[in-house]
K.L.:
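Quick one: structure below, then a few questions.
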Amino acid sequence: MTDFLNISGVVLLLLIIPLLYRGLRGPTTLDRMVAANTIGTKTTVLLLFIGMMFNRLEMFIDFALTYALLNFIGSLTVSWYYQRKRIQSDSSITPSTPTKS
Amino acid sequence: MIEAISITMITSGLIFFLAAVVGIMRFPDFYTRMHAAGKGDTLSSILVVGGIALYYMHQGGWTSAAILVGLKMLAIVVFIFIASPTSTHVLMQAGYDSGIEPVSHKNDDAITRKTKKTETPSNEKRS
């Protein structure tokens, strides 16, 4: 079973690597944000696999929870910036959420 | 027995992770990629973390300490369940407000493809 967990951790790492292609080649910036969000979610799960490898899963659960929180806050911040930046520069777009004027 | 259930959950979670990655790489548009990322990652996280929690509780002998650790992992699952669709929604709204157009095959549905085929008998590949 420990062999299975090690192999699945390596498989998860191999699944993160193609997302870097989307991060490099995404035509818009928000495409790169999709890649970053997905890499963040996969890292949260990968931290638990690493915790099982070190036999100290209790410590790594705190890391995973913190990283999930940081990932969420990061994607929210980028999207708020994009909403506000475009609306200020082009007044013909009406926002779908109320923004502070 | 519990190990078999745990292995099944982790394997199916990894298969859905693979589906999410293939979706992000191959879809033609920002909105469709966001669909693949948000849905696939949420389900896979639930399955994988659930499998790890089950194995850990089984290995710890179902003492109250091990069950508390399992409940903490359940807290991670609940948080991802709430946060991932929310960030999907907010990113899509940012894309719409920022003017990203969804991909559309306007003159490319089945009817025009049929009429075009009868008019020109050469086989040209549709990209």
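If you're wondering where the values come from, they're calculated on a predicted model, not measured in any experiment. Order of the sequence lines sets the chain letters (A, B, ...), proteins ahead of strands, with each chain counted from 1.
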K.L.:
Quick check on A:N71 against chain B: is it the side chain, the backbone, both or neither that has a heavy atom closer than 4.5 Å?
P.N.:
neither
K.L.:
Under 4.5 Å between side-chain heavy atoms, counting indirect links through other Ile/Leu/Val/Met/Phe/Trp/Tyr residues: same cluster for B:I10 and B:F16 or not?
P.N.:
no
K.L.:
Counting only heavy atoms closer than 4.5 Å, note whether A:T29 contacts chain B via side chain, backbone, both or neither.
P.N.:
neither
K.L.:
What part of A:L57 lies closer than 4.5 angstrom to a heavy atom of chain B: side chain, backbone, both or neither?
P.N.:
side chain
K.L.:
Looking only at non-hydrogen atoms, find the nearest pair between A:N37 and B:S87 and report the distance.
P.N.:
ND2-OG, 3.4 Å
K.L.:
Treat each ILVMFWY residue as a node, draw an edge where side-chain heavy atoms are under 4.5 Å apart, and state whether B:L47 and A:M52 are in one component.
P.N.:
no
K.L.:
So which of A:T44, A:L48, A:L12, A:V45 actually passes side chain to side chain contact (heavy atoms under 4.5 Å, CB included) with B:V48?
P.N.:
A:V45
K.L.:
Where on A:L5 is there a heavy atom nearer than 4.5 Å to chain B: the side chain, the backbone, both, or neither?
P.N.:
side chain
K.L.:
Is a side-chain donor-acceptor pair under 3.5 Å present for B:Y56 with A:E58?
P.N.:
yes
K.L.:
Restricting to non-hydrogen atoms, name the atom on A:L15 and the atom on B:V21 that form the minimum distance, rounded to 0.1 Å.
P.N.:
O-CG2, 3.5 Å
K.L.:
Can you say whether B:I76 sits under 4.5 Å from chain A via the side chain, the backbone, both, or neither, judging by heavy atoms?
P.N.:
both
K.L.:
Search all heavy atoms of A:L30 against all heavy atoms of B:A94 and return the closest pair with its distance.
P.N.:
CD1-C, 4.0 Å
K.L.:
Nearest heavy-atom pair of A:M1 and B:S6: which atoms, and what distance?
P.N.:
CE-OG, 3.6 Å
K.L.:
Please flag which part of A:T38 lies under 4.5 Å from any non-hydrogen atom of chain B: side chain, backbone, both or neither.
P.N.:
both
K.L.:
Please report the shortest heavy-atom distance between B:A83 and A:F72, naming the atom on each side.
P.N.:
O-CE1, 3.4 Å
